[in-house]
**Q** 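One structure is given below, represented as structure tokens, and several questions about it will come after.
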Amino acid sequence: MDFRLTAEDEAFLSELRTFFDEELPAEWQRVDDKYGFGTAEAFAMSREFSRRLATRGWLAMAWPKEYGGLGATYMQQMLFNEEVAYRRVPGAFSMGVAWVGPALIHLGTEEQKQEYLPRITGADDVWCTLYSEPGAGSDLAALQTRAVLDGDEWVINGQKIWTSGAHHSNKGWLAARTDPGAPKHRGISMFILDDMRAPGITIQPLINMANDHSFNQVFFEDVRISKKSLVGELNRGWYHLALSLDFERSSIAGASNARRMFEDLIEDAREHRPELARRPEVRARLAEAAIEIEVGRMLSYRVVSMQMRGLVPNHEASAAKLYSTELAQRVALIGVQLLGLYGPLEGASAHHRIGGRMAYNYLATVSATIAGGTSEIQRGIVAMRGLGLPRG
Ligand SMILES: Cc1cc2nc3c(=O)[nH]c(=O)nc-3n(C[C@H](O)[C@H](O)[C@H](O)COP(=O)(O)OP(=O)(O)OC[C@H]3O[C@@H](n4cnc5c(N)ncnc54)[C@H](O)[C@@H]3O)c2cc1C
């Protein structure tokens, strides 16, 4: 396999790096959560930098040019994701860009495309994703939130949970049941919520284990939305959901995040703790982690190389997601342990090391093994589709 980048990709990477060197203030390179939803300060930085990325066309770089993208390749999108995760660039990821826009490009009416796509590429709207419910996560097709047509409006009733960023969002991407009599996969439809502050919508915070308010519960009580809010075909929402998968499925951001944490740790060990860095068991553990980071990276590159060849990664994407998210947890654990009594100190402490990032990531990296499909679900996919084992 040839790992060299094309001249075009090299040029793109160099342009990206120059831009970040010049435009990204050092004090902004500390937003660890992907969307910046966790704190008001992180969110403000994310919004501001999203707009700057939008002016370069990088926010939605993989979208076709006619919809405001650059028509970038899978490889370029992955290089971008790798670089922004490594540098902890705020505002580089958004759900509007990742899956709402692509779904609208494929399924939306002309009117929906005209109305929403430019606002997504311009970073004008913030979207949240309303899929999961208390009784529907891994088994998403079990969702119960109802949408009933009443004249020219859909009336929504039900409850969503784990809705990341609902408290910061003005738009919602909703999966709701439109035919309760049909088999569960065939009675779901997709909707746009034009106003997350509309009457009947109640958003309640959920505080995660890292003490951030990043996700929420969202309640719908007779919420009325226009008939035109339906996206795609009625009752085909389940299949539309599958189609609106993230364009770039390599999970490189997880491996890249682990690499950055690891490099911070190595630098700290070299500079401040040489006596520790000489101990054989510490060196062995760090060497092991260095190898695992390369493995994680390669699993991600495999996904992209398949996509570049027109193949659709399946268990390969699951393996990359599973490995990179668990890797980030392992590296954070090594970090907390190597820092000894400093390990659990957060950034607010006067005695913190490495910005308190190991302590934060030790807590924050747990959620990535749940969000977007749990590790157990990913292992099930690898076992069934990758290894050909029978359904469990
Ligand atoms: C940080 C974070 C952000 C999120 N953001 C959003 C969001 O913005 N919008 C949204 O809609 N949802 C969001 N989610 C929800 C996420 O998609 C679900 O948490 C996830 O799909 C798991 O569903 P669940 O929590 O209902 O757990 P369950 O599905 O109830 O799973 C419970 C446990 O059982 C295991 N399990 C379940 N089924 C199987 C099986 N078939 N085989 C083996 N083990 C199984 C799981 O692995 C898990 O350990 C977010 C979650 C997190 C952690």
Side-chain angles (χ1 to χ4, degrees), residues 31-39 42-43 93-100 103 126-145 156 158-177 184 188 190-193 196 201 203-220 237-238 240-242 244-246 251 253-254 257 315 318 321-322 324-326 328-329 332 360-385 387 389-392:
V31 177
D32 286 284
D33 70 314
K34 190 172 172 184
Y35 300 109
F37 286 145
T39 62
F43 183 67
F93 298 106
S94 82
M95 299 183 213
V97 170
W99 49 80
V100 180
V126 180
W127 289 78
C128 61
T129 304
L130 299 135
Y131 293 166
S132 304
E133 297 180 4
S138 302
D139 181 16
L140 188 56
L143 64 87
Q144 296 295 329
T145 293
I156 316 289
Q159 179 191 354
K160 295 289 175 179
I161 196 167
W162 316 124
T163 317
S164 299
H167 54 311
H168 289 305
S169 303
N170 60 329
K171 305 278 183 216
W173 176 238
L174 171 77
R177 187 158 300 282
K184 65 179 182 178
I188 296 171
M190 295 306 304
F191 296 91
I192 291 169
L193 294 179
M196 281 301 291
I201 299 181
I203 300 171
Q204 286 184 357
L206 290 171
I207 306 301
N208 70 18
M209 66 191 275
N211 212 22
D212 287 337
H213 172 196
S214 176
F215 45 35
N216 306 270
Q217 300 192 77
V218 181
F219 298 88
F220 295 93
W238 179 259
H240 295 346
L241 273 180
S244 58
L245 274 181
D246 219 345
S251 296
N257 172 30
H315 58 92
S318 288
K321 195 265 176 186
L322 165 68
S324 70
T325 51
E326 294 196 348
Q329 277 183 13
Y360 177 81
N361 275 316
Y362 179 68
L363 300 172
T365 52
V366 172
S367 66
T369 60
I370 301 168
T374 67
S375 287
E376 288 78 16
I377 294 296
Q378 309 302 339
R379 284 198 173 84
I381 292 171
V382 173
M384 207 166 71
R385 299 193 198 141
L387 305 178
L389 297 176
R391 186 178 282 275

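Whatever order the structure lists them in is the order used to number ligands and atoms, beginning at 1.
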**Q** What atoms of ligand 1 come closer than 4.0 angstrom to any heavy atom of S367?
**A** 1 (C), 53 (C)
**Q** Given G137, G135, A368, S138, identify the one with the heavy atom nearest to atom 28 (P) of ligand 1.
**A** S138
**Q** Protein heavy atom under 4.0 angstrom of atom 35 (C) of ligand 1, is there one?
**A** no
**Q** Between the candidates E376, M95, M209, K160, which shows the shortest non-hydrogen contact distance to atom 49 (O) of ligand 1?
**A** E376
**Q** In terms of atom number and element, which parts of ligand 1 are under 4.0 angstrom from non-hydrogen atoms of F215?
**A** 1 (C), 2 (C), 3 (C), 52 (C)
**Q** Look only at the side chain of K160 and the backbone of A175, and say whether a donor-acceptor pair between them is shorter than 3.5 Å.
**A** yes
**Q** Please report whether ligand 1 has a polar contact with T374, defined as an N or O pair separated by less than 3.5 Å (distance criterion only).
**A** yes
**Q** Ignoring hydrogens, tell whether any protein atom lies closer than 4.0 Å to atom 30 (O) of ligand 1; use the non-hydrogen atoms only.
**A** no
**Q** Determine if the distance from atom 26 (O) of ligand 1 to the closest protein heavy atom is below 4.0 Å.
**A** yes
**Q** Closer than 4.0 Å and a protein heavy atom, does any atom meet both conditions relative to atom 7 (C) of ligand 1?
**A** yes
**Q** Has the side chain of N361 got a donor or acceptor atom that lies under 3.5 Å from a matching backbone atom of T365?
**A** no
**Q** More than 12 heavy atoms of other residues, nucleotides or ligands under 6.0 Å from CZ of F215: yes or no?
**A** yes
**Q** Determine whether a donor-acceptor pair (N or O, by modelled atom type, separation under 3.5 Å) exists between the side chain of N216 and the backbone of V218.
**A** no
**Q** Could you identify the single nearest non-hydrogen protein atom to atom 42 (N) of ligand 1 and state the distance to 0.1 Å?
**A** I377 CD1, 4.2 Å
**Q** When you measure from the side chain of K171 to the backbone of G96, do you find a donor-acceptor pair of N or O atoms at a distance under 3.5 Å?
**A** no
**Q** Taking Q204 for the side chain and Q217 for the main chain, is one N or O donor matched with an acceptor at less than 3.5 Å?
**A** no
**Q** Identify the protein heavy atom lying closest to atom 9 (N) of ligand 1, giving its residue, its atom name and the separation to 0.1 Å.
**A** T129 O, 2.8 Å
**Q** Looking only at distances, please establish whether an N/O atom of ligand 1 is found under 3.5 Å from an N/O atom of Y131.
**A** yes
**Q** Quick one: does any side-chain atom of K321 pair with a main-chain N or O of A368 as donor and acceptor, under 3.5 Å?
**A** yes
**Q** List the closest protein heavy-atom neighbour of atom 52 (C) of ligand 1: residue, atom name, distance to the nearest 0.1 Å.
**A** A371 CB, 3.5 Å
**Q** Closer than 4.0 Å and a protein heavy atom, does any atom meet both conditions relative to atom 13 (C) of ligand 1?
**A** yes
**Q** Salt bridge check, E133 against R177: does any charged N sit closer than 4.0 Å to a carboxylate O?
**A** no
**Q** Indicate yes or no for a side-chain donor-acceptor contact from H213 to the backbone of H167 under 3.5 Å, with no hydrogens or angles considered.
**A** no
**Q** Can you tell me the protein heavy atom closest to atom 20 (C) of ligand 1 and the distance?
**A** I370 O, 3.6 Å
**Q** Could you find the nearest protein heavy atom to atom 16 (C) of ligand 1 and give me its residue, atom name and distance?
**A** S132 OG, 3.8 Å
